[in-house]
Structure formats: structure tokens, C-alpha cells
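These notes concern the structure reproduced below.
The chains referred to below are lettered A, B, ... by the order of the sequence lines, with proteins before strands, and numbering in each begins at 1.
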Amino acid sequence: MPILRRLAERNRKPIQFTLDGRSCAALEGDTVLTAMLTQADRLRASEFSGAPRAGFCLMGACQDCWITTESGERLRACSTFIAEGMRLVTSQEKAA
Amino acid sequence: MNPALRPVIVGAGPAGIRAAETLVAHGLRPVVIDEGNQVGGQIYRQQPASFGRAKADLYGFETDRAIAVHGAMENVLGDVDYRPRTLVWNAEGGSLDLLQDGKASTLAYSHLIIATGATDRVLPFPGWTLPGVYTLGGAQVALKFQGCAIGSRVVFVGTGPLLYLVAYQYAKSGAEVAAVLDTARLSGKIRAAPGMLRQPALLAKGLYYLGRLRAHGVTVRSGVLPVRALGDGRVSGFVWREGARECAASCDAIGFGYALRSETQLADLLGCRFAFDSLNRAFLPEKDPAGRSSVAGIYLAGDGAGIMGADAAELAGMRAAMALLQDVGVATDAARAADIERKLMKIAGFRRALEGAFPFPDDWAANAQDDLIICRCEEIRVGALREAARTLGAVEMNRLKALTRIGMGRCQGRICGPAAAEILAQARSVDVAAVGRLRSQPPVKPIPFGVAEAAREAAE
């Protein structure tokens with residue numbers, strides 16, 4: 001079950017990306033955080049406890065939403081827009 | 001214009017925009033650094049270009065203000081060097097280290113206006129790191145900036161004007177609001193009402209939000225004690241106490257916060273003098289009524305130097321810019337400057353009344369259990385802080401940081417700082433002013449590996 005629920009602005013251009021290898025569609029203007037959390041229930045796992053995390057402040061202060069791409073690039077999900085063909089993962093094990 | 005004059009404004013919310021407008025009106029061409037993608041800051045944050053909602057849908061009662069602030073910046077864009085998506089990650093006398101779209105650079109300034117705004121003040125409860133728990137500001141960004149709710153059934157908890165505003169915006173947008181839980185007591189609000197009449201429009205808005213929430217059938221409670229979020233892997237409910245009675249609501253999301261805290265790192269890195277401010281319950285950079293800091297050429301405006309709200313931020317931005325102009329010998333309207341200062345004083349009076357209506361929950365630290373996670377970056381628990389205070393002699397915040405790593409994680413103390421100070425003060429049985437403040441360290445936000453090293457080499 002996804003975390004975020006769309007309430008408005010559903011008529012934007014679809015953007016294709018992959019999440020943990022699965023093909024997904026977001027909408028133009030979605031942040032990476034929105035794109036992921038309208039599909040999934042987490043962005044990443046805590047590197048300390050392994051517990052799931054899904055961001056917190058959504059305005060670039062808390063740094064809770066840094067995620068990785070399949071190639072290992074790090075993105076702050078709340079302040080990066082989704083782009084066509086992004087290959088995102090919720091954990092490094094899923095990068096393979 | 002004197003070519004040596006190179007004013008820089010950090011922040012493009014209401015304070016930064018009005019500062020830029022004022023400088024441009026007097027013939028200066030400032031650089032405006034914005035970490036955001038578009039001007040407006042957090043309160044007047046704009047939706048991405050691909051969105052189509054009307055501004056009235058985004059800003060409600062503040063629509064005219066939002067339009068005016070955005071318009072003020074649009075009018076001067078040709079005369080400012082506007083740099084969106086740009087982080088100031090370090091500041092030293094006369095120079096800022098920037099990162100824009102992955103590219104590092106340095107920027108020299110002759111005068112600096114710091115208008116860095118604020119974020120939610122966070123006091124954790126058990127379960128606050130679960131997916132589905134967000135700050136009140138975060139819940140608002142999801143809706144305003146992305147058209148999304150943080151869940152299908154949301155509990156809002158904490159205190160401050162934002163609690164009711166965000167809950168109202170969610171209910172109005174069609175989200176189900178399970179409960180609005182205010183830690184402040186109703187009696188405080190009644191006592192504060194005469195003081196809040198200094199700004200009757202703001203009081204009326206607050207009462208309107210509350211009325212609309214009740215009309216939507218939303219449970220609204222005062223004087224609650226947050227107990228815990230329920231859930232395994234994500235939020236499934238929230239438990240709180242009302243007096244001796246324990247209450248619970250099922251929900252899949254929680255928005256919480258306890259008013260706001262100022263973003264003061266740049267002023268700190270630049271050596272501005274700080275003092276404890278009891279109203280904000282925080283150490284803040286000192287400023288004169290015009291916004292001059294203790295360091296010549298550095299000015300402070302807006303919520304980044306004490307929480308006063310968006311209307312005050314606009315005024316403070318104008319006034320700080322006028323101070324800068326006065327200091328470089330450009331004539332400004334003295335009567336106007338005095339008028340702005342009078343208006344700011346009036347808002348400060350209202351701000352004090354607001355603190356009476358939404359007081360800081362000063363029993364928070366005493367109620368925090370040892371196993372409560374206080375640092376979400378590195379999952380440091382309250383007990384570790386108390387242990388360091390008790391047995392390792394941590395008497396102030398920087399010693400506590402060295403011993404426990406609190407404030408050393410990715411957020412650099414933005415989220416855990418206020419709560420950690422409360423825990424240390426409680427452990428030592430002293431006032432929170434007596435435990436000091438975390439010193440800011442560059443980079444103030446994470447930067448890619450190698451950027452700091454490259455900047456240092458370039459400087460040598």
C-alpha cells in the first residue's frame with residue numbers, strides 16, 4: 001500500500017520510471033519522493049536499524065529522504081523531480 | 001552603483017523577496033540565493049509548472065499576499081541575479097560556498113541579508129520514525145506542492161497555528177482527518193485572546209479553521225499528552241492521553257509539530273552573536289530593530305532570526321534592506337523605516353499572545369522515556385543523552401554532541417536539536433537556556449563527496 005494519496009492534479013503527463021526493477025508511472029512535476037510513495041510504503045531502510053523510512057519534513061531540512069538509484073547515485077527525494085527513465089531502488093540489495 | 005557593492009540575499013521567501021525588491025528600488029542589483037526551485041519560500045511555495053490549480057486553492061486567505069509576494073519578485077527578476085536550486089553549504093567572512101545542480105562555486109559578498117526561514121519544531125513521540133509520520137509543514141508541502149495527502153486518514157498533533165491550518169486544508173481538500181490533538185490547553189487560549197485581538201484578522205482565521213473542522217465532524221481535543229504512534233512498518237494508529245484517560249484513533253498518517261524553529265546556521269558560521277530568547281525558547285542571532293546583526297554588513301530578516309510569521313517577514317526584509325542601504329550611504333525614507341519598525345513591534349506583541357495560546361509543552365522531556373529515539377538520522381535514544389549527562393559530565397550541548405553524536409547526523413541538529421536541549425536541561429535540572437546551543441559546522445547540509453575538498457583546494 002502506498003503512503004501518499006493523490007487528491008488533485010491527476011491530469012499531468014505520465015513519466016515512466018522503475019522502482020526496484022518494476023516499471024511504474026509517475027506524473028510530470030512529481031518529486032522523486034511523490035513518485036515512489038504513490039507506489040510504495042517506503043523510500044529506503046535506515047542504515048542503523050534497517051527500519052523503513054519514508055521522509056519526514058519534505059522541505060530539504062531533515063535529510064531523511066536521501067535515496068539511491070540503481071547506479072548508486074544519491075538523490076534527495078523531496079527536492080528532486082522525477083525524470084523519464086530514472087531507475088530507483090528502496091534498498092541497495094534491490095539494485096541488482 | 002559602487003562596483004565594490006555586492007549585496008547577497010540568502011532565501012527567497014517573503015523576507016528575501018521584499019529585501020530584493022527594496023534594494024532594486026534603490027539601484028542595487030543583489031544576488032538572490034534560493035534553495036527552492038521557484039521563489040516563495042515555504043509559506044508561499046509555488047507548485048510545479050505542470051500543475052494547474054488556482055492560487056486561491058493553494059493559499060486560501062493568504063492568496064492576495066502570495067500573489068503580491070510572487071509578483072514583487074517577478075517585477076525585479078531582470079535586476080537581480082536569481083539562483084534557484086542553490087544551497088549555501090558554508091559561509092566565511094565575505095564569501096559563501098554554493099552548490100547548484102551538483103556544481104560547486106564560491107560567491108563573494110560585500111553585504112549579506114540572511115532570510116533563511118524556519119522549519120517545524122519537533123518533539124518526538126514513540127513511533128515517530130514510522131513511514132506515514134511527517135511534520136505539519138511536510139504535510140502541507142505534500143498537499144500544496146504535490147497535490148497529495150500524507151495518507152487516507154490523518155491525525156494531526158502538536159501545537160501552534162499550523163496545526164489547525166494544515167488540518168483545515170486537508171479536510172477541505174477531501175482528506176479524512178481522524179483527529180486534531182492540541183497539547184495546549186483551552187484555558188491558555190482564552191487567557192491569550194485579548195492579546196491576540198492586536199491582530200483580529202489572524203484570530204478570526206484561527207477561529208474559522210476550528211469552526212470548519214468541527215463542521216466537518218473532526219474530533220478536536222485540547223490539553224492532550226501524545227503517547228505513541230502504533231504500527232509495524234508503517235503507521236496504523238495514534239494513542240494519546242486526556243487527563244487520566246487513554247484514547248486511540250486508527251489512522252495511516254500523522255502530521256505533527258510544535259510551532260517553528262529558526263534556521264540560524266549561516267549566522268552562526270559567520271560569527272554573529274547569539275542570545276537566548278525565551279519566547280522562541282532558543283538561542284537566536286542578535287539583531288537591532290532594523291535587522292543588523294552583531295557583525296557589520298550582515299543583516300537578519302524573517303523567521304530565520306526568530307519566529308514572527310510571514311507578514312512580519314515581509315516587513316523585516318524591507319527594513320533590513322533599508323538598513324543595508326543606510327549603511328552604504330544610500331538615502332532611504334526614514335519615516336517609512338520608523339513605520340515598519342512600529343508595525344513589527346505590534347506583531348511582536350501579538351506573537352507573545354500566540355505563545356500563550358500555543359505554549360511549548362514544557363513537560364515533554366519529563367515524559368520522554370529512555371528508549372525514545374530522539375535522533376532519526378542515527379537512531380540515538382533519549383537514555384544515551386541522559387547517561388552522558390549523568391555519568392560523563394555533559395553539561396552543555398556541544399559536549400553532549402561529542403559524547404553521543406547527537407546533532408552530528410545528516411540533519412546537523414535541525415530536527416533533534418531543540419528536543420535534545422530539553423532532555424539535557426531536564427537531566428541536569430536546569431533551565432534550557434543553561435545548556436547552550438549546538439555550534440554549526442559546514443557543510444550545513446549534505447554535499448556530494450569531494451565538493452568540500454575541491455572548494456578548499458581552490459581557495460588555497
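- More than 12 heavy atoms of other residues, nucleotides or ligands shown are found within 6.0 angstrom of CG on B:D101.
- Contact annotation for B:A149: both backbone and side-chain heavy atoms come within less than 4.5 Å of a heavy atom of chain A.
- In terms of non-hydrogen atom pairs under 4.5 Å with chain A, the most contact-rich of B:G409, B:A253, B:P448, B:C377 is B:C377.
- A distance of 13.5 Å separates CD of B:Q412 from SG of A:C62, quoted to the nearest 0.5 Å.
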Check step by step if side chain to side chain contact (heavy atoms under 4.5 Å, CB included) holds for B:C148 and A:T38.
CA-CA 9 Å; B:C148 290; A:T38 48; 4.3 Å; yes
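- At a 4.5 Å heavy-atom cutoff, B:Q140 makes no contact with chain A through either its backbone or its side chain.
- Put simply, of A:L33, A:D30, A:T80, A:L37, the one with the most heavy-atom pairs under 4.5 Å next to chain B is A:D30.
- In this structure, A:S46 and B:T129 have side chains that are not in contact, with every pair of non-hydrogen atoms separated by 4.5 Å or more.
- Of the atoms belonging to B:E378, heavy atoms from both backbone and side chain fall under 4.5 Å from chain A.
- For chain B, no part of A:L27 is nearby; none of its heavy atoms comes within less than 4.5 Å.
- Interface residue B:E35: only side-chain heavy atoms are found under 4.5 Å from chain A.
- For A:T31, the parts lying near chain B are the backbone and the side chain together; criterion is any non-hydrogen pair under 4.5 Å.
- Side-chain atoms of B:R410 never come within 3.5 Å of backbone atoms of A:W66 as a donor-acceptor pair (strictly under, hydrogens ignored).
- B:P131 and A:I3 make their closest contact through CB-CD1, 3.7 Å (heavy atoms, listed as atom of the first residue, atom of the second, distance).
- For a residue to count as touching a neighbouring chain, one of its non-hydrogen atoms must lie under 4.5 Å from one of that chain's; by this rule B:D252 does not touch chain A.
- Judged as a ring pair (Phe, Tyr, Trp, His ring centres under 6.0 Å), the pairs with a partner in residues 27-56 of chain A (not counting sequence neighbours) are, in order, A:F56-B:W128, A:F56-B:F256.
- For B:R45, the part lying under 4.5 angstrom from a heavy atom of chain A is the side chain only.
- Chain A forms more heavy-atom pairs under 4.5 Å with one residue of B:R414, B:Q42, B:R234 than with any other, namely B:R234.
- Here the side chain of A:R53 pairs a donor or acceptor atom with the backbone of B:R376 at under 3.5 angstrom.
- Only the side chain of A:E9 comes within contact range of chain B, with heavy atoms under 4.5 Å apart.
- For the atom pair B:Y134 OH and A:L4 CG, the distance stands at 5.0 Å (nearest 0.5 Å).
- In this structure, the side chain of B:E379 engages the main chain of A:S49 through a donor-acceptor pair within 3.5 Å.
- Contacts of B:P48 with chain A are made by side-chain atoms alone, with heavy-atom separations under 4.5 Å and no backbone atom involved.
- Residues of residues 49-59 of chain B lying within less than 4.5 angstrom of chain A, judged on heavy atoms, are B:S50, B:F51, B:G52, B:R53 in numerical order.
- Once rounded to the nearest 0.5 Å, the distance linking CG of A:L7 with NZ of B:K172 reads 12.5 Å.
- B:V235 does not touch chain A: none of its heavy atoms, backbone or side chain, sits under 4.5 Å away.
- Residue with the most contacts toward chain B among A:R12, A:R10, A:M1: A:R12 (heavy-atom pairs, distance under 4.5 Å).
- The greatest number of non-hydrogen atom pairs below 4.5 Å with chain B, out of A:R76, A:E47, A:E28, is found for A:E28.
- The part of B:L143 that comes within reach of chain A is its side chain, from C-beta onward, which places non-hydrogen atoms under 4.5 angstrom from that chain.
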